J.: 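Take a look at the following structure, please.
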Number of protein chains: 2
Amino acid sequence: MTQLLDVRKMNILRAIVDDYILTAAPVGSRTLSKRDDIELSPATIRNEMSDLTELGFLEQPHTSAGRVPSEKAYRLYVSNIMDRAQLTEDEAEYIKAHLSQRVSEVGDVIKETARMLSGITKYTSVVQMPHMKNARLKHISLVPVTEGSALAIVVTNSGATNSTLLTVPKGITTAHLEKISSLMNTRLSGYKLVDVQTTLLPLLREEVGEQAESVAEMLEGISNDMTRQNVEVVGAANMLDYPEYSDVAKAKSFLSELEKGEVLKEVLSDDGDVEMTIRIGKENDNPELKDCSVITVSYRVCGEQVGSMGVIGPTRMDYGKVVAVLKFMSENLGKVLSRMLLGDGSDGANNK
Amino acid sequence: MTQLLDVRKMNILRAIVDDYILTAAPVGSRTLSKRDDIELSPATIRNEMSDLTELGFLEQPHTSAGRVPSEKAYRLYVSNIMDRAQLTEDEAEYIKAHLSQRVSEVGDVIKETARMLSGITKYTSVVQMPHMKNARLKHISLVPVTEGSALAIVVTNSGATNSTLLTVPKGITTAHLEKISSLMNTRLSGYKLVDVQTTLLPLLREEVGEQAESVAEMLEGISNDMTRQNVEVVGAANMLDYPEYSDVAKAKSFLSELEKGEVLKEVLSDDGDVEMTIRIGKENDNPELKDCSVITVSYRVCGEQVGSMGVIGPTRMDYGKVVAVLKFMSENLGKVLSRMLLGDGSDGANNK
DNA sequence: GTTAGCACTCAAATGGCGCGAGTGCTAACG
DNA sequence: CGTTAGCACTCGCGCCATTTGAGTGCTAAC
């Protein structure tokens with residue numbers, strides 16, 4: 001493509017998208033000509049719209065209706081046209097306040113984040129719990145609890161802690177446990193959790209003599225537990241406010257799909273190191289989302305990418321706003337979590 | 001009330017409720033007379049229906065429509081008329097299989113229970129995580145993890161274990177922690193968790209000298225963590241299948257309310273020792289549920305009532321089926337959890 | 001006490017009608 | 001030559017009158 005569209009076409013297209021995002025109704029030439037930012041007669045606009053339709057940026061539901069932006073138009077809008085909306089002072093303040101007030105549990109912070117995301121955007125929000133795949137092991141201790149169970153306490157280099165209750169073979173003694181944990185420590189310290197599961201575990205399984213099986217099982221239990229991904233979904237009901245879901249059948253299939261949780265894998269799919277991903281309509285792998293757009297952003301704790309979150313809305317979502325909110329939210333969540341996991345010490349992330 | 005209704009009226013009422021539960025459409029005299037179990041002419045039935053209307057068991061949406069059961073009718077139906085449906089072999093089998101296959105985590109078992117409940121009933125299900133309020137403390141240990149944090153490991157008399165990460169004052173040493181935990185053990189062992197929070201904590205706070213504040217904070221952290229109630233909700237989207245929610249606005253307000261979570265408190269409200277509660281329509285405290293019925297049942301682990309679960313559906317829900325499923329599910333969940341918490345030893349509950 | 005018959009009611013479905021928003025084309029204008 | 005006014009044409013949508021049919025209540029006969 002050379003210069004995609006001349007300035008006037010751009011302006012018209014922007015106006016159409018803006019309007020459609022707001023009203024969900026096909027927009028016509030007259031409506032546009034009334035706008036302040038477009039000083040053209042309806043007829044001229046009609047000509048331009050005709051061109052835009054031919055180029056695939058607009059669609060007509062039927063002959064005598066206005067035009068509706070195509071997915072191609074949204075794509076262009078997102079990458080070239082829209083001016084990213086700013087959060088209002090109030091919103092920014094609100095987010096900061098609510099995020100730092102819940103400093104007790106990681107889970108709570110994630111939930112609150114999801115709530116705020118959908119509260120501000122009025123769409124459906126999805127927030128992943130931070131995973132620890134890339135965290136490096138620092139220390140493992142095994143504490144006997146009852147006959148047949150022990151607690152594994154795992155500390156990672158970032159300072160994060162996790163504990164899992166393990167079932168251990170009945171006969172095992174405290175001395176045994178200590179031996180095993182010291183073994184684990186010498187062999188595993190410094191490695192990533194994800195490596196433990198994929199590569200180190202098989203190796204170790206061969207090497208350890210006596211308690212081979214128990215050690216292996218324990219490790220598997222630990223890394224399973226620490227690798228499991230949980231996702232908070234909030235605001236699904238919001239979708240019912242939009243005319244695209246005024247059909248109950250559509251609403252139902254969307255909500256069911258959400259509940260099944262397959263959708264979440266799509267959000268979860270972290271595209272390498274990409275900061276933010278915008279998937280419009282059929283760009284989503286899941287056919288259930290073909291009328292939705294999904295914007296996701298990853299967040300980092302102490303520089304390490306540990307999870308992502310996203311907003312799901314109709315294709316005519318307010319992209320500018322959502323992008324702004326997500327960006328802000330991701331940064332702030334990162335800060336708060338970093339602070340939490342490091343025990344309030346202010347290193348790593350700069351918490352202004 | 002003497003004998004509430006004569007046999008024929010009962011039969012007719014049952015037939016109407018049965019039919020309405022199935023079709024959600026007002027049922028007329030002709031429809032009824034065609035049924036095999038009622039051998040009367042439409043005219044006779046009309047007379048009876050007229051009586052039933054006067055008695056408050058039936059309602060007419062408008063003059064020329066059939067009759068619809070009133071809440072009073074459902075009440076009667078539930079307590080006197082319905083024959084509790086049995087689960088099919090397949091369903092029972094299915095439940096047992098899926099429940100015992102997920103023996104790893106309590107949370108998973110609860111989730112699976114909720115999923116099956118709504119899967120079988122096609123309504124919305126709500127399952128509470130088991131609480132430990134009534135569990136008696138057996139042992140507490142505090143394990144230092146990093147500078148500034150320690151893990152509290154709590155074992156209860158039933159063998160259940162729980163661990164919480166606590167933040168401790170920076171200066172504290174391992175020796176300190178040991179002292180504190182032994183103090184906790186001597187003073188608290190044998191008490192119920194719920195008592196710790198409400199009555200023991202203030203007492204203790206005065207008594208301990210030196211580390212008063214830290215101890216108190218820790219205990220508060222522990223008991224907060226162990227008392228928190230979590231609830232799984234599954235199948236909300238199912239409601240959209242029923243004509244009573246074909247109005248999107250209604251659907252939306254129901255779903256929003258569910259998401260807000262206030263509804264859950266209602267389910268949670270354990271009516272003392274009552275096994276099963278059925279709330280029909282406006283019997284629900286929450287006005288949002290005035291067109292719903294909620295059936296809840298508590299479940300027990302080792303004889304102790306530790307949580308409850310329920311099904312939310314339209315007032316014309318299939319009461320017989322739901323009651324049967326809930327009863328079965330509650331028993332089986334109890335068994336599975338008992339087995340899990342006791343570490344597979346088969347005492348307490350009899351696991352056939 | 002039960003039932004057939006009949007007049008009456010009323011929601012919902014049906015179908016025509018006109019409105020109005022919007023298009024596309026053509027011809028005139030600067 | 002780009003822009004605009006004018007006009008005929010399209011077509012979904014809401015409105016209204018009509019029909020349909022399920023259902024009732026009453027009365028009179030069995």
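Bear in mind the structure is a predicted one, so any value in this text is a computation, not a measurement. Proteins get letters first, then strands, A, B, ... in listed order; numbering begins at 1 in each.
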J.: Figure out the CG/P separation between B:D51 and D:dT24, and round it to whole Å.
T.: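 After rounding, the reported distance stands at 14 Å.
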J.: Considering heavy-atom distances to DNA chain D, does A:E48 or B:S64 have its closest nucleotide positioned more toward the 5' end?
T.: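 Comparing both residues, the 5'-ward one is A:E48.
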J.: Return no unless some side-chain N or O of B:R46 is found under 4.0 Å from OP1 or OP2 of D:dT27.
T.: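 So the side chain of B:R46 is outside the cut-off, no N or O lying under 4.0 Å from OP1 or OP2 of D:dT27.
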J.: Write down the distance between CG (A:N47) and P (C:dT23), rounded to a whole number of angstrom.
T.: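 Those two atoms, CG and P, are 11 Å apart.
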J.: With respect to the phosphate group of D:dT3, does any side-chain polar atom (N or O) of A:S41 fall under 4.0 Å of OP1 or OP2?
T.: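 For D:dT3, neither OP1 nor OP2 has a side-chain N or O of A:S41 closer than 4.0 Å.
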J.: Between A:P61 and A:V68, what is the shortest heavy-atom contact and its length?
T.: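 So the two residues come closest at CG-CG2, 4.0 Å.
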J.: A:F57 ring centre to A:K72 NZ or CZ under 6.0 Å, with the angle to the axis within 45°?
T.: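 Positive - A:K72 is close enough to the ring of A:F57 and near enough to its axis.
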J.: Whole-Å distance between D:dC7 P and A:R30 CZ?
T.: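 Value for this atom pair: 15 Å.
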J.: Report the base-pairing partner of D:dC16 (Watson-Crick or G-U wobble, both distances below 3.5 angstrom), or none.
T.: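 For D:dC16, the partner nucleotide comes out as C:dG15, under the 3.5 Å rule.
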J.: Walk me through whether B:S308 and B:Q128 qualify under side-chain hydrogen bond (donor to acceptor under 3.5 Å, both in side chains).
T.: CA-CA 6 Å; B:S308 52; B:Q128 216 178 0; 2.9 Å; yes
J.: Taking only N and O in the side chain of B:R67, is any of them less than 4.0 Å away from OP1 or OP2 of D:dG25?
T.: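 Yes, within the criterion.
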J.: Measure from the side-chain heavy atoms of B:T63 and tell me the nearest of C:dC10, D:dT4, C:dA4.
T.: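 Between C:dC10, D:dT4, C:dA4, the one nearest the side chain of B:T63 would be C:dC10.
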J.: In whole angstroms, how far is the P atom of D:dC9 from the NE2 atom of A:H62?
T.: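 Distance, rounded to whole Å: 19 Å.
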J.: Establish, with yes or no, whether the OP1 or OP2 oxygen of D:dT24 is under 4.0 angstrom from a side-chain nitrogen or oxygen of B:S29.
T.: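 True: B:S29 side-chain N/O within range (under 4.0 Å) of D:dT24 OP1/OP2.
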J.: If you compare all heavy atoms of B:A92 against all heavy atoms of B:F328, which two are closest, and at what distance to 0.1 Å?
T.: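 Minimum heavy-atom separation between B:A92 and B:F328: CB-CZ, 3.8 Å.
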J.: Could you tell me the separation between the CD1 atom of A:I16 and the P atom of C:dT23, rounded to a whole number of Å?
T.: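 My rounded result for the distance is 9 Å.
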J.: Side-chain N or O of B:R8 versus OP1/OP2 of C:dT2: is the shortest distance under 4.0 Å?
T.: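 Yes.
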J.: Tell me: CD1 of B:I45 to P of C:dT2, nearest whole Å?
T.: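 Nearest whole value for this atom pair: 11 Å.
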J.: Output the rounded distance in Å from CG (A:L32) to C1' (C:dG22).
T.: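 Atom-to-atom, A:L32 to C:dG22, this comes out as 12 Å.
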J.: A:E71 pairs by salt bridge (charged side-chain N to carboxylate O under 4.0 Å, His left out) with which of A:R316, A:K282, A:R279, A:K290?
T.: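 The residue from A:R316, A:K282, A:R279, A:K290 that satisfies salt bridge (charged side-chain N to carboxylate O under 4.0 Å, His left out) with A:E71 turns out to be A:K282.
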J.: Between A:P26 and A:A43, which has a closest nucleotide on DNA chain C that is more 5'?
T.: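 So the residue in question is A:P26.
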J.: Please determine, for D:dA29, whether a Watson-Crick or G-U wobble partner exists with both distances under 3.5 Å, and give it or none.
T.: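 Its partner is C:dT2 (Watson-Crick or G-U wobble, both distances under 3.5 Å).
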J.: Indicate, with a heavy-atom threshold strictly under 4.0 Å, whether B:T44 touches base, sugar-phosphate, or nothing.
T.: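 Contact class for B:T44: base.
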J.: So for atom NZ, which belongs to A:K327, do other residues, nucleotides or ligands contribute more than 12 heavy atoms lying within a distance under 6.0 Å?
T.: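 Open: at most 12 neighbouring heavy atoms sit under 6.0 Å from NZ of A:K327.
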J.: Nearest whole Å is fine: how far is C:dG22 P from A:L58 CG?
T.: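 My rounded result for the distance is 14 Å.
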J.: Can a side chain N or O of B:Q60 be found less than 4.0 Å away from OP1 or OP2 on C:dA11?
T.: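 No, no such contact exists.
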J.: Once you apply the 3.5 Å cut-off to both distances, tell me the Watson-Crick or G-U wobble partner of C:dG22, or none.
T.: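 Checking every strand shown, C:dG22 finds its partner in D:dC9, with both distances under 3.5 Å.
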